[in-house]
Amino acid sequence: MKNVIFLAPPAAGKGTCSDILKNKYNYEHISTGAILRSEIASQSSLGNEIKSIIEKGNLVDDNLMIKLIENKLTSINKNFILDGFPRTITQAYSLDNLFKELNINNYVVIYLNIDKSLALKRTLGRMTCPKCGKSYNIYFDEFKPINDGYCDICNEELSKRSDDNEESFNNRFDTYINSTLPILKFYEEKNKVIKIDVDNNFEFLSSKLKEIVSD
Ligand code: ADP
């Protein structure tokens, strides 16, 4: 089983893909967005500092993100999914050094390619359970909760991410094109990239992912 790095624009489905893989295999799911959001929820001074950065759709400081991933990767001993890291070429170089130190070479970069208009629709319709983190979408039948506005699992009231508005999305998308997409070339030169064109075919996505990660 391969370690996984997801490279994708906002709302392409990194979280959903991670869930598919986690349900089948024993992966450590490292979502930088989720880690940052829980830091904000704890109202720590770091959390307060990063809150406005995230709400505007900007990127959090490279050094902070690199430290965070270093701490995670050195403290786990199972296969992992990187969901949201690296997001800049500096982060990609640091990760590469870390992989060398830790002797990690069995990994694949899954590039989720999605139309901007579909990504926007998903962003605007996304609702999340604050308790278990499960994600729903009010614009797509297959991702709607059974009871409007409530989590299928915990019955908790669903909430909207504060950065899931059109203005922040547009900024996140531009940041992705300018800062994150150049990483693709770096991994392509290493022959590590597999591209999936994302639409709404969940079955295809699911089987493709399982095929990609199996050794
Ligand atoms: P999405 O993929 O929907 O944009 P994420 O949950 O992956 O959302 O990330 C949310 C926000 O957290 C990003 O817009 C960014 O502000 C911040 N963030 C997450 N990962 C990183 C990272 N590796 N470097 C810098 N900022 C990050």
Side-chain angles (χ1 to χ4, degrees), residues 4 6 8-61 64-65 67-69 71-72 75-76 78 80-85 87 112 114 118-173 175-176 180 198 200 202 205-206 209:
V4 175
F6 279 116
K14 298 189 304 289
T16 306
C17 290
S18 301
D19 287 344
I20 292 171
L21 291 175
K22 267 192 311 185
N23 285 337
K24 171 110 178 123
Y25 308 104
N26 184 24
Y27 272 115
E28 177 84 19
H29 178 203
I30 305 173
S31 159
T32 46
I35 295 170
L36 295 172
R37 281 188 289 279
S38 82
E39 193 64 45
I40 294 173
S42 78
Q43 297 187 327
S44 65
S45 61
L46 176 64
N48 294 336
E49 231 175 89
I50 56 185
K51 187 169 186 284
S52 69
I53 301 175
I54 293 190
E55 280 178 356
K56 288 189 196 111
N58 294 328
L59 291 180
V60 172
D61 175 66
L64 179 78
M65 298 310 300
K67 194 83 222 134
L68 196 147
I69 291 297
N71 289 342
K72 278 273 171 204
S75 65
I76 56 166
K78 60 179 183 179
F80 56 83
I81 298 170
L82 281 180
D83 162 357
F85 188 96
R87 250 183 166 94
L112 302 174
I114 186 172
L118 180 58
L120 174 63
K121 188 173 174 192
R122 285 186 175 189
T123 301
L124 298 181
R126 174 155 62 185
M127 300 289 284
T128 317
C129 173
K131 201 166 163 197
C132 73
K134 190 170 162 51
S135 178
Y136 297 87
N137 205 299
I138 55 169
Y139 294 147
F140 300 94
D141 284 344
E142 60 278 42
F143 290 111
K144 278 184 186 159
I146 297 166
N147 296 317
D148 263 3
Y150 291 89
C151 180
D152 294 353
I153 300 164
C154 345
N155 211 26
E156 191 82 11
E157 196 171 351
L158 300 177
S159 62
K160 211 171 158 45
R161 268 171 50 177
S162 58
D163 60 344
D164 275 348
N165 56 71
E166 189 158 355
E167 197 185 344
S168 173
F169 169 84
N170 282 326
N171 192 24
R172 272 148 69 204
F173 203 90
T175 306
Y176 167 77
T180 308
V198 173
N200 288 328
F202 190 74
L205 181 67
S206 189
L209 285 168

Inset, instruction - Would you indicate whether the side-chain heavy atoms of Leu36 and Met65 approach each other to under 4.5 Å? - result: yes
Legend entry - Selection residues 123-137 - residue pairs positive for salt bridge (charged side-chain N to carboxylate O under 4.0 Å, His left out), sequence neighbours left out: Arg126-Asp164
Legend entry - Flag side-chain contact, heavy atom, 4.5 Å: Asp83 against Thr32: no
Legend entry - Side chains of Ile35 and Leu68 in contact at under 4.5 Å (non-hydrogen atoms): yes
Legend entry - Under 3.5 Å: donor-acceptor pair, side chain of Asn165, backbone of Ser168: yes
Legend entry - Trace of the side chain to side chain contact (heavy atoms under 4.5 Å, CB included) decision for Arg172 with Asp163: CA-CA 9 Å; Arg172 272 148 69 204; Asp163 60 344; 3.8 Å; yes
Inset, instruction - Not counting sequence neighbours, which residues clear salt bridge (Lys or Arg N to Asp or Glu O under 4.0 Å) with Arg37? List them please. - result: none
Inset, instruction - Say whether, by atom type as modelled, one donor and one acceptor occur between the side chain of Lys160 and the main chain of Gly125 under 3.5 angstrom. - result: no
Inset, instruction - Give a yes or no answer on whether the side chain of Asn58 reaches the backbone of Ile53 with a donor-acceptor pair at less than 3.5 Å. - result: no
Inset, instruction - Kindly indicate whether a cation-pi arrangement holds for Lys121 with Phe140, taking the cut-offs as under 6.0 Å to the six-membered ring centre and within 45° of the axis. - result: yes
Inset, instruction - Evaluate the side-chain proximity of Leu120 to Glu166: yes if any heavy-atom separation is below 4.5 Å, no if none is. - result: yes
Inset, instruction - Please examine the side chains of Pro9 and Ile114, heavy atoms only from C-beta on, and report whether any two atoms are closer than 4.5 Å. - result: yes
Inset, instruction - Look only at the side chain of Ser206 and the backbone of Phe202, and say whether a donor-acceptor pair between them is shorter than 3.5 Å. - result: no
Legend entry - Any donor-acceptor N/O pair, Thr180 side chain to Arg87 backbone, under 3.5 Å: yes
